[in-house]
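Here the structure comes first, spelled out in structure tokens, and everything after it is commentary.
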Amino acid sequence: MSWNWLGWLMWILGIGFLGFVIHYIRVKQLMLIAKTKKRFDGKLFTQYVVMSLVAILWLGSLVYLRFIQPINYNDRQQVQLSTKYQPLQLHDQGNDYYVLAKHSTSGKRPIVSYTYWADNSKYMVSSRFSSISDGARLIPVEATSLPWNKEKLQKIDNESGHAFAAVMTGHYRNTPLNGLSLRANHVASSYTLLRVPQENMVAEH
């Protein structure tokens, strides 16, 4: 059974508590005005502040866990990693190449996606979650923070003639913490390392 039920429960209770706080403040204020003709009471104001802070912290924590908390690929207690290796296939459109890089017509990123062929299938990945290795350095600088199996990469590199795709996929484990973020058993993210023998094996358009 997925721990996501815990996250849904906390969201329902948190929203319900926020609604209760709003209703409580409204009723107490109306009673205060009706009984004392005043709009401010120090003790009631303190209650309002405490209850409001609890509601804000409650829902704020859930928002952080669900939408803001970064993925830590090195935390094996929360994320389970798997890596798929595929030899690249040459593609011919006048010149042989392994990867096709698509340039952006606007924006800050010069390249928006990479297209490659493997296992007789065509794949397209975003440049935000992929990188090219075309030199002596097997793992590009932008991908060094990920926990690659360097020995396996080196073996695949030698066997494939320096032309392969390594797709690392992270799945959130079924834990109470991941359940609170409604991420348990879901895909965390995927990153593709594209290895080519040399720079001119990447076409551009």
Pick from Gln89, Met201, His91: which one makes a side chain to side chain contact (heavy atoms under 4.5 Å, CB included) with Tyr98? Met201
Rounded to the nearest 0.5 Å, how far apart are CG of Asn149 and CD of Gln154? 11.0 Å
If you round to the nearest 0.5 Å, how far is CD1 of Ile156 from OG1 of Thr83? 10.5 Å
Which atom pairs, one a donor and one an acceptor, fall under 3.5 Å between side chains of residues 61-74 and the rest of the protein, sequence neighbours left out?
from: Ser61; atom 1: OG; to: Leu57; atom 2: O; distance (Å): 2.7
from: Asn72; atom 1: OD1; to: Asn74; atom 2: N; distance (Å): 3.1
from: Tyr73; atom 1: OH; to: Ser189; atom 2: OG; distance (Å): 3.2

Return all side-chain donor-acceptor pairs below 3.5 angstrom for residues 40-49, not counting sequence neighbours, or 'none' if the list is empty.
from: Asp41; atom 1: OD2; to: Lys43; atom 2: N; distance (Å): 3.1
from: Asp41; atom 1: OD2; to: Leu44; atom 2: N; distance (Å): 3.0
from: Thr46; atom 1: OG1; to: Gly42; atom 2: O; distance (Å): 3.0
from: Gln47; atom 1: OE1; to: Tyr24; atom 2: OH; distance (Å): 2.7
from: Tyr48; atom 1: OH; to: Gln29; atom 2: OE1; distance (Å): 3.0

Gap between atom CG of Leu32 and atom CD1 of Ile25 - 0.5 Å precision: 12.5 Å
Spatial distance of atom CG (Leu18) from atom CG (Leu13) [nearest 0.5 Å]: 12.5 Å
Per the ring-ring contact (aromatic ring centres under 6.0 Å, His included) rule, what does the pair list look like for residues 171-193, sequence neighbours excluded? none
Take atom NE2 in His205; do more than 12 heavy atoms of anything else shown fall under 6.0 Å from it? yes
Report the distance from atom OH of Tyr116 to atom CD1 of Ile132, rounding to the nearest 0.5 Å. 10.5 Å
Residue pair Thr175 / Gln77, side-chain donor-acceptor N/O under 3.5 Å: no
Going from CZ on Arg183 to OG on Ser2, what distance comes out if it is rounded to the nearest 0.5 angstrom? 13.5 Å
